[in-house]
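On a predicted model such as this, the values are computed, not experimentally measured, just so you know.
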Number of protein chains: 2
Amino acid sequence: MAALIPEVVILRLPLYFRTLALLKEEKTEIVSSQELGARLQITPAQIRKDLSYFGKFGTQGKGYNVSQLLDELRQILGLDRKWLVALVGVGRLGRALLDYGGLAPQGFHVLAVFDSDPRKIGEKVGELVIQDVHKLAATVKNQGINIGIVAVPPSEAQAVIDCLVSCRIKAILNYAPIAPVVPSDMRVYNIDPVLALQTLTYHLKSLNTP
Amino acid sequence: MAALIPEVVILRLPLYFRTLALLKEEKTEIVSSQELGARLQITPAQIRKDLSYFGKFGTQGKGYNVSQLLDELRQILGLDRKWLVALVGVGRLGRALLDYGGLAPQGFHVLAVFDSDPRKIGEKVGELVIQDVHKLAATVKNQGINIGIVAVPPSEAQAVIDCLVSCRIKAILNYAPIAPVVPSDMRVYNIDPVLALQTLTYHLKSLNTP
DNA sequence: TCCTGTGAAATACTTCACAGCT
DNA sequence: AGCTGTGAAGTATTTCACAGGA
């Protein structure tokens, strides 16, 4: 194993992981690439090829043992440990994320939340107290935070990201509608509904003129 | 023009569009693929190639006229008109989206909001009254809704999406953490922070063992 | 028989490199 | 001198198709 894995493959692994977790809940013990592919609208060959980058996990003639493949993917993706997260920006979006409750069960623990609005600082959000964004660096260091989530207005986003970079955080989930500039060893995943909608309209437009 | 445009290209166009809009606000009149690329961490050749699928928009020796290219992209992406949006699911996330205020300026008008929780139905959110999700089909037809945003719990999501499909909606922005099954003429864009975080951890993990 | 794992083939996408215009 | 537009070259990714094990 362990040559250079294509990035597209890494993007699909969590999809497999989630579906396998569902299958396990449904008490399915064995699944074929065929069946997994049907649930994800991905070709079976693609799934087999993707998995083959990491090893041989299946049984010929049967398929994959759900629990076992789940364990393998957990390890491959690094989900067999806890990840410590800092959230920057406690507006509606930030609160929605905290409230969502889908992060902790997957091992993502938001340990600290920050904002630049003096009226919010000191306020409690669940178990956490909103801190001044200026304390970001100190808290990241003290608590050993691994991942930053940026949910601040666009005008502040690059500054916050620069700060996270200087804190040696290497992974950022960015909700701000900007194109962040970061060093090449950083991983940034951008989530922007407007960009998503704009790709959708391209296709809608071409529907009416086929 | 108008062969078959690669999907990756369509995913980048909104990025160009947004950056050009910013450049226009900054009163920049001309931009080269070089400069645009620097802001987006995309190679100049890529940008030129992407644009070349749609026509010739630049001037040799100078670059691209910002306003003009912006107009072209607006037309290409179908952003020169209004799009009517229905939001299904008015939890924290749905409210955060409505409150965000970034959709309307880009021509995405949320005309109707739905929920299945009887306690929420009739409640006002901004200018809109939350409707029973059972009225989705009727409202979509009456108001000519083009796009659905799904922000319901995962257990309800596929049913909501099936409903949107049967309403002949062709584009969905899905926030529910599921892998929706839809007919092939549908466009679904999925936004899922957990999947995003799980791709990030893959890379973080490999950082400590280089 | 059914399904995996995988080279090889096919396809898709990116980058190069340069002719040609300003 | 500088930059676009673009075939051609180079990579990357997907799909095929089949040997081989259960």
message = Please convert DNA chain D into dot-bracket. A pair counts if it is Watson-Crick or G-U wobble with both distances under 3.5 Å; crossing pairs go in [ ] and bases paired with another strand get |.
response = ||||||||||||||||||||||
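Between B:D99 and A:R92, at least one side-chain nitrogen of the basic residue sits less than 4.0 Å from a carboxylate oxygen of the acidic one, meeting the salt-bridge criterion. A salt bridge is absent between A:E35 and A:K62: the closest approach of a Lys/Arg side-chain nitrogen to an acidic carboxylate oxygen does not fall below 4.0 angstrom. Under 4.0 Å is where a charged nitrogen must lie from a carboxylate oxygen, and between A:K135 and A:D132 no such pair does.
Spacing between atom NZ of A:K49 and atom P of D:dT13 amounts to 12 Å, rounded to whole angstrom units. Rounded to an integer number of Å, the gap from CZ of B:F54 to P of D:dG5 is 14 Å. For the pair A:R48 CZ and D:dA19 C1', the interatomic distance rounds to 13 Å; values are reported in whole Å. B:L51 has its CG atom 13 Å from the C1' atom of D:dC3, to the nearest Å. Atoms CG (A:D50) and C1' (D:dT13) sit 10 Å apart, rounded to a whole Å. B:L69 has its CG atom 11 Å from the P atom of D:dT4, to the nearest Å. Look at CD on B:Q46: it is 19 Å from P on D:dG10, rounded to the nearest Å. In this structure, NZ of A:K62 is placed 11 Å from P of D:dA22, rounded to the nearest angstrom.
Proximity of B:T59 to the phosphate of D:dT4: no side-chain N or O atom is located under 4.0 Å from OP1 or OP2. For A:Q60 and D:dG20, the shortest distance from a side-chain N or O to OP1 or OP2 is not below 4.0 Å. Not one side-chain nitrogen or oxygen of A:Y53 sits closer than 4.0 Å to the OP1 or OP2 atom of D:dA12.
Not one N or O on the side chain of B:Q131 forms a donor-acceptor pair closer than 3.5 Å with the backbone of B:V113.
In this structure, B:P44 and A:A45 both approach DNA chain D, and ranking their closest nucleotides by distance from the 5' end singles out B:P44. Along DNA chain C, the nucleotide closest to A:K56 and the one closest to B:E7 are compared, and the more 5′ of them pairs with A:K56.
Among the nucleotides D:dT4, D:dG5, D:dT14, the one closest to the side chain of B:S52 is D:dG5. Closest contact between the side chain of A:T43 and the listed nucleotides D:dG5, D:dT15, D:dA22 involves D:dT15.
Distance check: A:I191 CD1 to A:L97 CG gives 8.0 Å after rounding to the nearest 0.5 Å.
The number of heavy-atom neighbours closer than 6.0 Å to CD of B:Q75, taken from other residues, nucleotides and ligands shown, is 12 or below. More than 12 heavy-atom neighbours from other residues, nucleotides or ligands sit within 6.0 angstrom of CD on A:Q143.
When DNA chain C is scanned in the 5' to 3' direction for atoms under 4.0 Å from non-hydrogen atoms of chain B, the outermost contacting nucleotides are C:dC13 to C:dT22.
Side chains of B:R48 and B:S33: a donor-acceptor N/O pair is present below 3.5 angstrom, by distance only. If you check the side chains of B:Y175 and B:N190, you find no donor sitting under 3.5 Å from an acceptor.
Scanning all heavy atoms of the two residues, the minimum distance from B:Y100 to A:P177 falls at OH-CG, 3.8 Å.
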